[in-house]
**Student:** 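Attaching a single structure in structure tokens format; questions to follow.
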Amino acid sequence: MEKLILIDGNSIIYRAFFAMPPLTNSSGLHTNAVYGFTNMLLRLIQEQQPTHILVAFDAGKETFRHEGYQDYKGGREKTPSELSEQFPLMRELLESFGIAWFELPGYEADDIIGTISKQGEESGREVLVVTGDKDMLQVVSDKVTVALTRKGISEVEPFGPNEIEEKYGLRPLQIIDLKGLMGDASDNIPGVPGIGEKTALKLLHQFGSVEEVLSHTDELKGKMKENLVNHAEDARMSKRLATIFREVPVERSWDDMTFNGLQEETAVPTLRKLEFKSLLERLSFTGTGEAGGSAAPAEPAPELDVTIVDSAAMPALTELLPEIGSLYVEAAGENPHHAELMGMVLSTPDRHFYISPQFLKSGEAESVVAWLGNEKISKRGYDLHRIDLALHWEGISFAGAYFDIQLAAYLLDPTENDQTLSALTAKYGISRLVSDDEVYGKGAKFKVPDDATLSSHLARKSDSIMKIVPLQQAELEKNEMKSLFYELEMPLSRILADMEKQGIAVNREDLTELGKEFESQISRLVLQIYEIAGVEFNLNSPKQLGEILFDKLGLPVIKKTKTGYSTDAEVLEKLAPYNEIVQYILEYRQLAKLQSTYVEGLLKEIRSETGKVHTYFRQTVAATGRLSSQFPNLQNIPIRMEEGRKIRKVFVPSEEGWLILGADYSQIELRVLAHISGDEGLMEAFQHDMDIHTKTAMDVFGVSADQVDANMRRSAKAVNFGIVYGISDYGLSQNLNITRKEAARFIDQYFDAFQGVRKYMDDIVRDAKRDGYVKTLLERRRYLPEINASNFNLRSFAERTAMNTPIQGTAADIIKLAMVLMDEALHTHGLKSRMLLQVHDELVFEVPPEELEAMTKLVPETMEKALQLSVPLKAEVSSGVNWYEAK
DNA sequence: ACATTCACG
DNA sequence: ACGTACGTGAATGTG
């Protein structure tokens with residue numbers, strides 16, 4: 001028996017919105033109405049087992065009803081933006097569920113439903129209409145049932161002809177007459193004054209219809225009679241307005257509405273994106289494609305064929321090595337340079353081979369070791385960069401990285417912070433993994449499970465990788481990111497691993513010596529501070545420091561934090577004139593930072609075997625496409641202040657007589673901006689290699705080059721920074737310590753001078769609002785779900801991000817390209833020089849003296865030709881015996 | 001686990 | 001009126 005469910009989308013989503021508490025996902029997107037709707041939808045599907053479903057929506061503001069009555073639905077509150085932003089989500093979710101939806105300009109959802117329910121009825125099918133609107137009761141018949149929401153939307157009450165008779169004593173069509181008499185405030189249908197539900201029902205029981213009532217007014221008396229006579233036309237019009245139009249030209253065939261059960265592959269990622277975790281759990285897809293609403297646990301995924309490799313199994317594995325489709329290597333620990341190898345699985349589509357670390361290193365697995373190190377063999381895996389490093393320190397080389405699903409996931413959505421394999425299996429609707437915590441235990445309880453448990457867990461992971469690869473390939477293709485992935489990011493991951501393995505030498509003695517100097521200055525400052533304060537306290541505690549400064553010494557409070565007084569450098573600078581203690585605290589802070597982070601922190605990271613620090617460049621964290629650096633972070637070594645800059649002296653070449661060479665892009669972000677905005681003035685400035693801040697000052701202040709003083713240049717520089725960051729008057733005013741008005745004037749003048757930039761900023765924000773994401777020149781994407789938020793802060797933040805990301809991200813693209821080219825150039829020229837570090841717009845090398853001349857030419861040349869822009873790229877190079885001298 | 005502060009581009 | 005400049009990681013204190 002076929003059964004159709006027709007849902008009034010607008011009615012339900014409105015009710016859901018007001019019935020549910022506010023609910024947002026982690027990125028601030030409102031989801032409460034969609035959640036309520038989905039909840040109800042799943043319940044309906046489960047209880048009703050429909051064969052067909054259609055959700056109807058209102059389209060546009062004007063309907064045919066307005067032609068006769070302009071005030072129809074007048075006086076309604078505007079739909080809150082927290083709700084309107086959920087309509088696109090709702091449609092996306094329906095599509096991912098495999099549920100049809102329909103809207104038609106000029107008609108309301110009511111009319112669409114009226115039409116389709118009539119068609120269903122005429123062809124002898126059973127129809128259930130779900131809505132919150134009582135008007136709909138007029139379509140009830142033997143075949144058509146209307147379910148009205150009750151108490152919000154958590155329950156529905158079905159109405160057939162009998163239920164309507166019971167509740168109102170009316171036939172379904174008389175519901176229209178009821179509305180004609182009593183009206184409907186929410187739709188601005190007037191009805192007849194003084195007649196409410198009770199009176200209307202009494203009249204209809206007596207006369208049967210609006211027309212009959214009106215022609216028997218002589219049998220009535222008093223105020224009611226007067227109103228009916230005076231408002232007869234209102235009654236007739238109200239009846240017309242309340243009549244559902246059942247002849248809408250719906251171009252939807254019965255088959256279009258077929259519902260074949262939830263489409264797991266598409267539904268799961270959408271639910272995931274909306275962060276409907278409870279619904280995902282409730283569904284716990286069993287692979288049957290049905291919404292099994294019960295809390296039944298997911299069926300265990302089918303057992304995999306796992307072989308625990310020993311000497312006896314080696315021949316079989318060696319035989320199958322050419323058919324390996326994926327590998328997974330488990331290495332415990334945050335720092336991949338110190339990760340403990342736990343096990344490895346190599347998989348073909350139907351067999352999985354678990355290799356223990358002991359066996360891998362035993363010498364019996366030499367074919368596997370050779371396979372791992374063979375760069376001609378393509379490997380598909382998860383976080384291959386990390387695997388490369390972990391294996392490296394076990395003396396095993398890894399090459400041939402072809403497809404890293406973590407890296408692909410990063411390109412597909414760089415802001416997703418859950419990049420675990422579990423999250424990816426969930427996103428792609430692949431059978432769920434047992435959680436690592438369950439297998440290994442958490443924190444202190446961490447232990448290695450038995451071989452059987454471990455091997456099947458890792459096999460499941462490797463198997464998931466094999467299934468995810470083709471799905472991501474399709475997505476990369478769709479997003480035009482294949483070249484970004486295969487030609488830039490994948491090659492770069494190998495280059496980064498090489499740089500990290502190489503490491504950079506640190507002179508431990510000099511660093512220790514520097515630490516002693518800092519130490520003596522620190523202890524001197526601490527004594528002075530305690531003396532002035534009159535007590536000893538923990539200087540490192542902002543809370544205690546705040547009590548001393550503001551409570552004890554009574555200094556003025558400049559700024560507060562969530563938890564109390566702010567004592568950051570900006571505040572302290574302002575307090576300095578009040579009390580000399582403040583200056584000492586500033587100096588203490590500076591030195592303490594250098595000591596703890598850069599002296600002690602760096603010393604801890606020196607590997608005793610190599611005398612080097614081996615950072616780990618993370619390629620999948622920064623939302624803009626930049627790299628980040630960890631263990632230690634070598635991208636934030638001090639340079640701005642001389643005391644800190646000295647730290648750079650301890651970074652030295654690893655071989656006698658070699659040199660450190662650094663090359664950095666000059667104004668890369670503003671050059672990128674000149675290119676993507678096409679601003680004439682900016683482009684010309686770079687074509688003539690002008691001092692960009694001076695040029696900006698000239699244009700903003702309308703003066704000639706020799707009239708630009710230091711202060712004007714400083715302001716112009718701040719404006720340029722602001723432009724790159726996605727300017728706001730407030731931000732600029734903070735930076736320049738001027739009023740918001742003055743800052744706004746600067747910005748205005750800037751945009752008048754650089755109108756191409758103004759247009760870029762307007763366009764990029766508009767595009768972001770339309771597309772939901774922004775792109776870099778190399779098609780790197782960043783989604784901005786908050787770009788249409790009604791919350792000013794969230795929206796503004798997203799708008800600034802829309803302006804900044806293409807700039808910062810394209811600059812990141814460019815230096816990554818340069819790294820790939822540089823790596824290639826070093827090989828083809830047979831140079832011994834080594835690339836060691838990347839610091840966003842700078843590359844650091846160590847070079848043997850005989851290559852210094854060649855490298856001084858090659859490096860900037862390579863960086864400058866990395867990408868052809870409409871303005872030249874410029875890289876500046878310098879070298880010295882340590883990083884400090886390479887300035 | 002979270003907040004504050006500060007180092008870099 | 002709204003109240004933040006964009007992107008990171010490390011050290012430290014506190015709940």
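Within every chain, numbering begins at 1; the chains are lettered A, B, ... in the order of the sequence lines, protein sequences first and strands thereafter. Because only heavy atoms are used, hydrogens play no part in the values below, and waters and symmetry mates are left out as well, while side chains stay in.
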**Student:** Are any of A:Gln590's side-chain N or O atoms less than 4.0 Å away from OP1 or OP2 of B:dC6?
**Tutor:**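 Checking A:Gln590 against B:dC6: no side-chain N or O falls below 4.0 Å of OP1 or OP2.
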**Student:** Quick one: does A:Arg740 reach the base of C:dG3 with a side-chain donor-acceptor pair under 3.5 Å?
**Tutor:** yes
**Student:** Nearest to the side chain of A:Val839, heavy atoms from C-beta on, is which of B:dG9, B:dC6, C:dA10?
**Tutor:**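 Among the listed nucleotides, the one closest to the side chain of A:Val839 is B:dG9.
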**Student:** Identify the heavy atoms of A:Val599 and A:Gly515 that sit nearest to each other, and give their distance.
**Tutor:** CG1-CA, 3.7 Å
**Student:** Could you pull out every donor-acceptor pair under 3.5 Å between side chains of residues 542-553 of chain A and any protein atom, sequence neighbours left out?
**Tutor:**
| from | atom 1 | to | atom 2 | distance (Å) |
| --- | --- | --- | --- | --- |
| A:Gln544 | OE1 | A:Asn538 | N | 2.8 |
| A:Asp551 | OD1 | A:Tyr565 | OH | 2.7 |
| A:Lys552 | NZ | A:Ala533 | O | 2.7 |

**Student:** Could you check which of B:dC6, C:dA5, B:dT5 has an atom nearest any side-chain atom of A:Pro542?
**Tutor:**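 Looking only at heavy atoms from C-beta outward on A:Pro542, the closest nucleotide is B:dT5.
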**Student:** Can you tell me which nucleotide in C:dA10, C:dT14, C:dC6 comes closest to the side chain of A:Asn804?
**Tutor:**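 Minimum distance to the A:Asn804 side chain belongs to C:dC6.
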**Student:** So what does A:Ala811 touch, heavy atoms closer than 4.0 Å: a base, only the sugar-phosphate, or nothing?
**Tutor:**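 Nothing: the residue A:Ala811, judged by heavy atoms under 4.0 Å, touches no strand.
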**Student:** Base, sugar-phosphate, or nothing for A:Phe797, non-hydrogen atoms under 4.0 angstrom?
**Tutor:** sugar-phosphate
**Student:** At under 4.0 Å between heavy atoms, what does A:Arg589 touch on the DNA or RNA strands: base, sugar-phosphate, or nothing?
**Tutor:** sugar-phosphate
**Student:** Is the centre of the A:Tyr750 ring less than 6.0 Å from the centre of the A:Phe754 ring?
**Tutor:** yes
**Student:** Given B:dT4, C:dT14, C:dA5, which nucleotide is nearest the side-chain atoms of A:Gln544?
**Tutor:** C:dT14
**Student:** Between A:Tyr616 and A:His385 (judged by ring centroids, cut-off 6.0 Å), do the two rings come close enough to count as a pair?
**Tutor:**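 Yes.
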**Student:** Among the candidates C:dG7, B:dC6, B:dA3, find the nucleotide nearest to the side-chain atoms of A:Thr801.
**Tutor:**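 Between C:dG7, B:dC6, B:dA3, the one nearest the side chain of A:Thr801 would be C:dG7.
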**Student:** Identify whether any heavy atom of A:Gly601 sits under 4.0 Å from a base atom; if not, whether one sits that close to sugar-phosphate; answer base, sugar-phosphate or nothing.
**Tutor:**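 The residue A:Gly601 makes sugar-phosphate contact but no base contact.
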**Student:** Is any side-chain nitrogen or oxygen of A:Asn538 closer than 4.0 Å to OP1 or OP2 of C:dG13?
**Tutor:** yes
**Student:** Are any side-chain N or O atoms of A:Asn882 and backbone N or O atoms of A:Val652, one a donor and one an acceptor, separated by less than 3.5 Å?
**Tutor:** no
**Student:** Select base, sugar-phosphate, or nothing to describe what A:Asn735 touches, counting heavy atoms under 4.0 Å on all strands.
**Tutor:** base
**Student:** Closest to the A:Ala622 side chain: C:dT8, C:dT14, C:dT4?
**Tutor:** C:dT8
**Student:** What is the nucleic acid contact for A:Asn636, judged by heavy atoms within less than 4.0 Å: base, sugar-phosphate only, or nothing?
**Tutor:**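 Base, at least one base heavy atom under 4.0 Å.
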**Student:** Quick check on C:dG7: is either OP1 or OP2 less than 4.0 Å from any side-chain nitrogen or oxygen of A:Arg782?
**Tutor:** yes
**Student:** Mind checking if A:Lys562 touches a base, just sugar-phosphate, or nothing, with heavy atoms under 4.0 Å?
**Tutor:** sugar-phosphate
**Student:** A:Arg626 side chain N/O closer than 4.0 Å to the phosphate oxygens (OP1, OP2) of B:dC8?
**Tutor:** no
**Student:** Taking the same atom, P, in B:dA3 and in C:dT4, what whole-Å distance lies between them?
**Tutor:**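 Per the computed distance, 15 Å lies between those P atoms.
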**Student:** By nearest atom, which of the nucleotides C:dG9, C:dT14, C:dG13 is closest to the A:Asn540 side chain?
**Tutor:** C:dG13
**Student:** When you measure only distances, ignoring hydrogens and angles, does the side chain of A:Gln808 come within 3.5 Å of the base of C:dC6 through a donor and an acceptor?
**Tutor:** yes
**Student:** Could you tell me whether A:Ile807 contacts a base, only the sugar-phosphate backbone, or nothing, with contacts defined as non-hydrogen atoms closer than 4.0 Å?
**Tutor:**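 Touches nothing.
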**Student:** With a 4.0 Å cut-off on heavy atoms, is A:Glu842 in touch with a base, just the backbone sugar-phosphate, or nothing at all?
**Tutor:**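 Nothing, no nucleic acid heavy atom in range.
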**Student:** Determine the contact category for A:Ala592: base if any of its heavy atoms lies under 4.0 Å from a base atom, sugar-phosphate if only primed atoms, P, OP1 or OP2 are that close, otherwise nothing.
**Tutor:**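 Contact class for A:Ala592: none.
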**Student:** How many angstroms lie between atom CD of A:Gln667 and atom CG of A:Asp664, to the nearest 0.5 angstrom?
**Tutor:**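 If I round to the nearest 0.5 Å, the distance is 10.0 Å.
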**Student:** Write down the distance separating the P atoms in B:dA7 and C:dG3, rounded off to the nearest Å.
**Tutor:** 29 Å
**Student:** A:Ala623 side chain: which of C:dG7, C:dA10, B:dA3 is closest?
**Tutor:** C:dG7
**Student:** Please work out if A:Val724 contacts a base, only the sugar-phosphate, or nothing of the nucleic acid, heavy-atom cut-off 4.0 Å.
**Tutor:**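 Nothing, no heavy atom under 4.0 Å.
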**Student:** Does the side chain of A:Ser566 get closer than 4.0 angstrom to OP1 or OP2 of B:dT4 through an N or O atom?
**Tutor:**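 No, no such contact exists.
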**Student:** For a quick test of reading the model: is some side-chain N or O of A:Ser728 closer than 4.0 Å to OP1 or OP2 of C:dA5?
**Tutor:**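 Looking at the OP1 and OP2 atoms of C:dA5, neither is under 4.0 Å from any side-chain N or O of A:Ser728.
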**Student:** Looking only at atom types and distance, does a side-chain atom of A:Gln630 sit under 3.5 Å from a main-chain N or O of A:Phe617, one as donor and one as acceptor?
**Tutor:**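 Side chain of A:Gln630 to backbone of A:Phe617, a donor-acceptor pair under 3.5 Å: no, none is there.
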**Student:** The side chain of A:Thr561 lies closest to which of these nucleotides: B:dT4, C:dT8, B:dG9?
**Tutor:**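 Ranking B:dT4, C:dT8, B:dG9 by closest atom to the A:Thr561 side chain puts B:dT4 first.
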**Student:** Which part of the nucleic acid, if any, lies within reach of A:Ala718 when heavy atoms closer than 4.0 Å are counted: base, sugar-phosphate only, or nothing?
**Tutor:**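 Here A:Ala718 touches the bases of the nucleic acid.
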**Student:** Base, sugar-phosphate alone, or nothing: which one does A:Ser796 contact when heavy atoms must sit under 4.0 Å apart?
**Tutor:** nothing
**Student:** Check whether any side-chain nitrogen or oxygen of A:Thr597 sits under 4.0 Å from OP1 or OP2 of B:dC6, and answer yes or no.
**Tutor:** no
**Student:** Please determine if a side-chain N or O atom of A:Arg800 lies less than 4.0 Å away from the OP1 or OP2 oxygen of C:dC6.
**Tutor:**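 Yes.
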**Student:** Of the listed nucleotides (C:dC2, C:dA5, B:dC6), which one gets closest to any side-chain atom of A:Tyr725?
**Tutor:** C:dA5
**Student:** Do A:Tyr884 and A:Phe651 have their ring centres less than 6.0 Å from each other?
**Tutor:** no
**Student:** Measuring to OP1 and OP2 of C:dG7, would you say a side-chain N or O of A:Ser628 lies under 4.0 angstrom away?
**Tutor:** no
